[in-house]
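For reference, the structure discussed in these notes is given below.
Letters A, B, ... are given to chains in the order of the sequence lines, protein chains preceding strands, and every chain is numbered from 1. Since we're looking at a predicted model, the values are computed, not measured.
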Amino acid sequence: MISIKQYGEFETSWCPGCGNFPLLESLKKALAHLDLPPHRVMISSGIGQAAKAPHYMHCHMFNGLHGRSLPVAQGMKMANPEMTVICESGDGCVYGEGGNHFLAAIRRNMDITLLVHDNQIYGLTKGQASPTTQRGHVTKTQPGGAPSEAFNPVAVAVAMKAGFVARAFTGEPEHLTEMIVQAVNHPGFSLVDIFQPCVSFNKVNTFGWYKERCRVVEDHDPTDWGAAMALADEFGERIPLGVLYRGERPVLATPEPLARHRYAAGDLAAVLQSYA
Amino acid sequence: MPDTSINIVIGGEAGQGLATVGQLMARAATRAGYHLLVNQDYMSRIRGGHNFFSIRMGPEPVMAIAEGIDVFVALDGRTIDEHRDQLNAGAIVIAGEALDTAGLNALRVPFKELAPKPLFHNVVALGVLGAAVCGDVTILEDLLRQTFGKKGDTVVQANLDVVRKAFAWVGEQEFDFSCIAPPQENPGRRLMLDGNEAIALGALAAGCNFVSFYPMTPATTVPITLIAKGAPLGLVHDQAEDEIAAINMAIGASYAGAKALVATSGGGFALMTEGVSLAGVSETPLVVVVAQRPGPATGMATRTEQADLNLVLHAGHGEFPRAVFSPGTVEECFSLTHRAFDLAEQYQTPMFVLTDQFLADSYRAVPPFDLDGLPEIAQPLMDAPAPYKRYALTDDGVSPRVVPGFAEVLVRADSHEHDEQGRITEDPANRVRQNVKRLDKGNGLMQDVIGPEYYGLDESDEAADLVLLCWGSSLGACLEAAERLNAKGLTRTAVLHFSQVYPLREEQFMDFLESAGQVVAVEGNATAQFARLVARETGFVVTGSVLRFDGRPLSPGYVLKGLESII
Ligand SMILES: Cc1ncc(C[n+]2csc(CCOP(=O)(O)OP(=O)(O)O)c2C)c(N)n1
Ligand code: SF4
Ligand SMILES: [Mg+2]
């Protein structure tokens, strides 16, 4: 049995009370629950407060560029299909700077898990609107209120029939852990969009705001795409948590770790001969 | 030495299959034992327009493109108008009966008679061309069997019938064209491939097993070749959503143990630059192929230029070491790409192979690459004793790189400034240590620099009146221009060619520059970028230059003309 202790405890640079703490705890719990030792897990992250998470645990880590956590994660998975690959970053990183990669990753459907710390704000750069910031939300850079309609990541993912789409909230840590476990277990691309209150820069979508609205869905059949679409679209007085959609699609997978791959001399010679 | 080569030009509209005729002809010439050099001039369109495929072939090595035409296959009327002025004395024109060839030494081909179906008209052209240059029909027959074998015996037979008929028809014609000189005896087995194919093969020979890319002319045939030849052997490939994704995927794959390559042209590379910096700081091995075309921005998609040297030298924010290779020949495309993989792993930093459309698409006949004689490629570790530090400080700046997933040590790579363990830190002393460590790898890279090749006058080691300073694909044009100048006996000319343009090691070449009567930079750009680099790195200022930036490759004639006003 793997214990959560194997994932370690580290000093962080997060603000006290930040939703990132319970999120990190849930991730470690989920990995321990999955009986995965740290050296079987590779985490790719981008840039932002969320993206620092893998620095605060034991695991293989590639902390890359803002917006680019998904391409790196997919490169890792293609190079070593035997590893558990998790991609972790913020709403700005994944849906804004990396928006095109988000769409492409859903279409590709590799067996990776995307955990988005969705605080509906750019935390690290001190409170500008992110793609999930609600329209009208006033910030220093959007003094007249965020002018654009908010991006609904789960609705887009369900619309694209991503294999596993879930929503969670750090205020429901056990449920969150369970969502991460299921997401990692899902063969194919899985998304967990996680509400993670930012106590310093998002004074609209606070812990209380989410607590009031978020309800774990019951009696929902996640294989019913129409019902999933309707649930994913709900973002207001009531926000559903849980697995919204689950479907089966062909998974894009490579056969073997490339680090062990070698060409046979005879095969290379035959390639050359084809140019004679 | 008299020029024993002939220049064959096949021209027509896009979509007429002229590249197929050209490739089959060039391959036949390769098998017959000739040397050759192909230039593909095509417009950025799929149908119509005016394209041409030229094959300069001969019994002696062919170094550069030729201006004049000896054998001209015109698949449409416009082609004749475009190239009429280039016909050498005695040139023969092969054209359909319907085309106006008045005043030309023409072989007027009854295409419909030789092959009722238009589908076979390019095989007719191939047969007539092969026969006109006194080629061996059996070589063409073998090639057609190989090319169409997959489509079944009926298709093969139909093609064979057409090519034989075309040969027979030529045999019955009275025309005035002297055969090309026979090839040297026993030229040995050769391969025919272009620069991009050679890059892909060099990569495969180095163990490259991952390519991610976004299509962009003239780089796309690198991934195409890798996929065609490597995927059946286990190479993993992905056409990414954009170049940013392509380079980040390759970095992720490389971190996790793949031997990764990305290939693009200037615009796509501009998008990749943040990734270049990421490879630099995360110390992830990566080979980046940049096939240049004219810029700025979209420029001219299917044309050639050498104007992205500055971009590649400076791409990526922050400071980290790199090396930039600039192959001058198809052989160097192979060997330098192979080397780039070795150095990328040894120094854990991005390596660049900088070519251009001309070389990328230029077929040559080359001796088979010696796979057994290639140096070993550096390999990462699969495990290390605990406590493992990914960015451990070492004397040469190189930290042992472990691939994650094969042992219990954890591998932490980071784009922030980081400590030896790969954790974020803003500590100033650590910052200095890590930055110095990364730059220290440049000392090793400097020791491994391939010096420029000096093509001197003769064994006497005499200083030259004129040194042509060049890099990358300009080599051939300079060599032939120098040969012609030397043949005249007036200006004693040498060529100094760099197949690695960065870093530069002064002691490898300063003597040649300083002892020369005059140094002239020959480059495919408007600002003599390489000459300026030399000045910046060494203080040696090159005063003269012959520059070409009309999108067409440098030719010996262009170089000589440019030199007229300088020397
Ligand atoms: C290319 C690039 N552009 C901008 C930035 C600055 N930047 C860093 S993090 C960030 C936004 C972070 O927001 P989010 O992804 O939601 O993460 P959070 O901090 O909220 O967890 C920005 C704009 C950067 N690092 N790189
Ligand atoms: S800025 Fe917000 S998201 Fe970042 S650590 Fe502080 S509370 Fe958390
Ligand atoms: Mg955020």
Side-chain angles (χ1 to χ4, degrees), chain A residues 10 13 37-40 42 44 46-47 52 54-55 58-80 82-83 85 98 100-101 103-105 107-108 252 254-265 267-276, chain B residues 30-31 189-193 197 201 204-205 207 209-210 212 229-230 233-234 236 238 240-242 244-260 274-275 278 282 284 368-369 371-372 380 382 403-416 418 422-424:
Chain A
F10 295 83
S13 62
H39 66 270
R40 300 304 302 157
M42 295 199 282
S44 159
I47 295 296
K52 291 177 185 167
H55 280 278
H58 286 305
C59 60
H60 297 295
M61 168 198 88
F62 193 101
N63 183 185
L65 296 169
H66 188 51
R68 316 304 167 204
S69 55
L70 275 170
V72 170
Q74 292 166 98
M76 286 173 169
K77 187 70 188 180
M78 282 188 270
N80 192 342
E82 292 170 2
M83 298 287 279
V85 174
N100 195 21
H101 310 314
L103 301 181
R107 292 178 50 223
R108 248 181 224 110
L252 191 60
T254 53
E256 55 167 345
L258 292 179
R260 290 211 198 95
H261 172 268
R262 297 284 182 276
Y263 297 114
D267 286 340
L268 289 177
V271 168
L272 288 195
Q273 182 56 31
S274 70
Y275 289 90
Chain B
T30 304
R31 290 194 183 173
R189 186 172 76 96
R190 270 113 36 84
L191 311 177
M192 186 195 90
L193 69 179
E197 288 170 333
L201 298 192
L204 289 176
N209 51 24
F210 186 92
S212 43
K229 305 295 176 181
L233 307 177
V236 171
D238 190 75
E241 54 273 27
D242 53 36
I244 300 173
I247 192 167
N248 280 279
M249 265 184 192
I251 289 171
S254 176
Y255 160 82
K259 291 226 175 301
E274 198 191 12
L278 174 63
S282 65
T284 309
F369 307 119
L371 292 173
D372 299 329
M382 305 298 257
V403 173
F406 299 91
E408 296 204 0
V409 294
L410 297 178
V411 184
R412 317 178 60 83
D414 193 9
S415 72
H416 300 88
H418 42 251
R423 287 188 202 276
I424 306 178

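- Atom CZ of Arg260(A) is separated from atom CZ of Phe406(B) by 5.0 Å, given to the nearest 0.5 angstrom.
- Residue Glu82(A): no heavy atom, backbone or side chain, is found under 4.5 Å from chain B.
- Annotation: the span from Lys229(B) atom NZ to Leu272(A) atom CG amounts to 10.0 Å, rounded to 0.5 Å.
- The distance from atom CG of Asn209(B) to atom CG of Leu258(A), rounded to the nearest 0.5 Å, is 4.5 Å.
- If you tally non-hydrogen atom pairs under 4.5 Å between each of Asp267(A), Leu268(A), Asn100(A), Leu252(A) and chain B, the highest count goes to Asn100(A).
- Both the backbone and the side chain of Ala269(A) come within contact range of chain B, with heavy atoms under 4.5 Å apart.
- Neither the backbone nor the side chain of Leu70(A) has a heavy atom closer than 4.5 Å to any heavy atom of chain B.
- His101(A) is listed as a side-chain neighbour of Ile244(B), based on a closest heavy-atom distance under 4.5 Å.
- With Arg412(B) contributing its side chain and Pro54(A) its backbone, the two residues share a donor-acceptor pair below 3.5 Å.
- Listed options Met192(B), His416(B), Glu408(B), His418(B) were ranked by heavy-atom pairs under 4.5 angstrom with chain A; first place goes to Glu408(B).
- Smallest separation of non-hydrogen atoms from Ala259(A) and Met382(B): CB-CE, 3.8 Å.
- Contacts between Thr30(B) and chain A at a heavy-atom distance below 4.5 Å are absent for every atom of the residue.
- In terms of non-hydrogen atom pairs under 4.5 Å with chain B, the most contact-rich of His60(A), His58(A), Gln74(A), Met83(A) is His60(A).
- Heavy-atom distances place the side chain of Thr254(A), and not its backbone, under 4.5 Å from chain B.
- Judged purely by atom type and a 3.5 angstrom limit, Arg31(B) uses its side chain to pair as donor or acceptor with the backbone of Ala276(A).
- Looking at heavy atoms from C-beta onward, His39(A) lies out of side-chain contact with Val409(B) at the 4.5 angstrom threshold.
- Interface summary for chain B: among Ala105(A), Gly98(A), Ala264(A), Ala79(A), the most heavy-atom pairs under 4.5 angstrom belong to Ala79(A).
- Side-chain contact between Met42(A) and Val411(B) is absent, with no heavy-atom pair separated by less than 4.5 Å.
- Residues Phe62(A) and Thr284(B) meet the side-chain proximity criterion, which asks for heavy atoms closer than 4.5 Å.
- In this structure, the separation between CG on Asp414(B) and NZ on Lys52(A) is 10.5 Å, given to the nearest 0.5 Å.
- Residue with the most contacts toward chain B among Gly64(A), Pro255(A), Ser13(A): Gly64(A) (heavy-atom pairs, distance under 4.5 Å).
- Rounding to the nearest 0.5 Å gives a distance of 7.5 Å between CG of Leu201(B) and OG of Ser274(A).
- With a threshold of 4.5 angstrom between heavy atoms, Ala250(B) does not approach chain A through any atom at all.
- Contacts of Phe369(B) with chain A are made by both backbone and side-chain atoms, with heavy-atom separations under 4.5 Å.
- Contacts between Asp238(B) and chain A at a heavy-atom distance below 4.5 Å involve the side chain alone, from C-beta outward.
- Ser415(B) approaches Ile47(A) most closely through the heavy-atom pair OG-CD1, 3.7 Å.
- The main-chain N or O of Arg68(A) is never found under 3.5 Å from a side-chain atom of Asn248(B) such that the two would form a donor-acceptor pair.
- Looking at Leu233(B), the atoms closer than 4.5 Å to chain A (heavy atoms on both sides) sit in the backbone and in the side chain alike.
- Side chains of Glu241(B) and Arg107(A) form no contact here, defined as non-hydrogen atoms less than 4.5 Å apart.
- Both the backbone and the side chain of Leu204(B) come within less than 4.5 Å of a heavy atom of chain A.
- If you take NE2 on His55(A) and CD1 on Ile424(B), they are separated by 3.5 Å, rounding to the nearest 0.5 Å.
- Of all heavy-atom pairs between Met61(A) and Tyr255(B), the closest is N-OH, 3.3 Å.
- Contact tally against chain B (heavy-atom pairs below 4.5 Å) for Glu256(A), Lys77(A), Arg262(A): the top residue is Arg262(A).
- Looking at Ala407(B), the atoms closer than 4.5 Å to chain A (heavy atoms on both sides) all sit in the backbone: N, CA, C or O.
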